[in-house]
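This report refers to the structure that appears directly beneath it.
Only heavy atoms go into these numbers, but all of them, side chains included; no hydrogens, no water, no symmetry mates.
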Amino acid sequence: FVVVTFSTVGYGDITPHWEISKLFVLCTICLALILIPIQLEQISFVFAEHQKQGGTYSHNRAEKERHVVLVTSKVTEDLVRDFVSEFYAYSELQDYYVLLLSAGEYDTYIKTILENPICGQRVIYMQGSALKFDDLVKAKAHYAECCFV
């Protein structure tokens with residue numbers, strides 16, 4: 001009863017009368033209950049892969065917020081911690097965002113580094129390379145106050 005209720009739309013005023021049509025509705029409901037979770041899994045996989053690449057730094061955000069781009073081939077905890085602590089040591093740089101552009105994939109190691117309280121919400125990871133023009137555009141490097149390589 002619950003499966004049919006959640007799977008249908010309407011008031012029940014239009015129902016199948018023949019046995020073959022009832023069987024067809026039953027098969028359609030079962031097929032939908034199988035296919036919908038598969039499709040949701042595929043959508044979440046695509047979203048997760050997009051998140052691994054870091055997405056893009058929005059045009060509006062780049063115009064309104066000041067940011068710098070830090071380009072590195074490999075992200076290490078020491079590199080991020082040292083850069084962030086030295087960069088934010090100056091009070092006039094407290095409102096800047098650091099966009100970390102690296103060729104490595106966004107994995108649990110990088111996620112752990114970026115969840116460190118010293119980074120807070122001020123460090124944004126983006127997968128890419130300074131040698132690719134599209135990645136620099138994606139990082140809005142032309143709006144950045146500075147690029148550290």
Path from Leu70 to Tyr90 over hydrophobic side-chain contacts below 4.5 Å: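 Leu70 and Tyr90: one cluster.
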Which residues share a side chain to side chain donor-acceptor pair (under 3.5 Å) with Glu65, sequence neighbours left out: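 Only Tyr57, Arg61 meet the side chain to side chain donor-acceptor pair (under 3.5 Å) criterion with Glu65.
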Residues forming a side chain to side chain donor-acceptor pair (under 3.5 Å) with Glu63, sequence neighbours excluded: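 For Glu63 the side chain to side chain donor-acceptor pair (under 3.5 Å) partners, ignoring immediate neighbours, are His59, Tyr143.
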To the nearest 0.5 Å, tell me how far [X] [atom1] sits from [Y] [atom2].
{"X": "Leu101", "Y": "Ser73", "atom1": "CG", "atom2": "OG", "value": "11.0 Å"}
{"X": "Lys138", "Y": "Leu99", "atom1": "NZ", "atom2": "CG", "value": "9.5 Å"}
{"X": "Leu26", "Y": "Cys30", "atom1": "CG", "atom2": "SG", "value": "4.5 Å"}

Closest approach of Tyr96 to Glu92 (non-hydrogen atoms, all atoms of both residues):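 Minimum heavy-atom contact is CE1-O, 3.8 Å.
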Nearest heavy atoms of Lys22 and His17, plus distance in Å: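 Smallest interatomic distance, heavy atoms only, reads CE-O, 3.9 Å.
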By side chain to side chain contact (heavy atoms under 4.5 Å, CB included) - contacts of [X] (at least two apart):
{"X": "Thr28", "answer": "Phe24"}
{"X": "Leu23", "answer": "Cys27"}
{"X": "Asp78", "answer": "Thr76, Arg81, Asp82"}
{"X": "Thr72", "answer": "Val75, Leu79, Leu100, Ser102"}

Side chain of [X], backbone of [Y]: donor and acceptor closer than 3.5 Å?
{"X": "Asp135", "Y": "Ser129", "answer": "yes"}
{"X": "His67", "Y": "Lys140", "answer": "yes"}
{"X": "Lys74", "Y": "Ala103", "answer": "no"}

Sequence-distant partners of Phe87, ring-ring contact (aromatic ring centres under 6.0 Å, His included), two or more places apart: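 Testing Phe87 for ring-ring contact (aromatic ring centres under 6.0 Å, His included), a comparison that skips the adjacent residues, returns Phe83.
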Residue pairs, two or more places apart or on separate chains, that pass salt bridge (charged side-chain N to carboxylate O under 4.0 Å, His left out) and touch residues 28-43: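 Checked against salt bridge (charged side-chain N to carboxylate O under 4.0 Å, His left out) - neighbours excluded - no pair reaches residues 28-43.
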Pairs where residues 115-133 contributes a residue and the test salt bridge (charged side-chain N to carboxylate O under 4.0 Å, His left out) is met, not counting sequence neighbours: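 Counting only pairs at least two positions apart or across chains, no salt bridge (charged side-chain N to carboxylate O under 4.0 Å, His left out) contact touches residues 115-133.
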Connected hydrophobic set around Ile38, excluding itself, where side chains approach under 4.5 Å: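 Answer for Ile38: Ile34.
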Apart from Leu31 itself, residues in the same hydrophobic cluster as defined by side-chain heavy atoms under 4.5 Å: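 Reading the cluster by chain and number, Leu31 sits alongside Leu35.
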Results of salt bridge (Lys or Arg N to Asp or Glu O under 4.0 Å) for Asp134 - residues two or more places apart only: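 Scan of Asp134 (salt bridge (Lys or Arg N to Asp or Glu O under 4.0 Å), adjacent residues dropped) gives none.
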Test side chain to side chain contact (heavy atoms under 4.5 Å, CB included) applied to Val68 and Tyr97, step by step: CA-CA 6 Å; Val68 297; Tyr97 285 86; over 6 Å; no
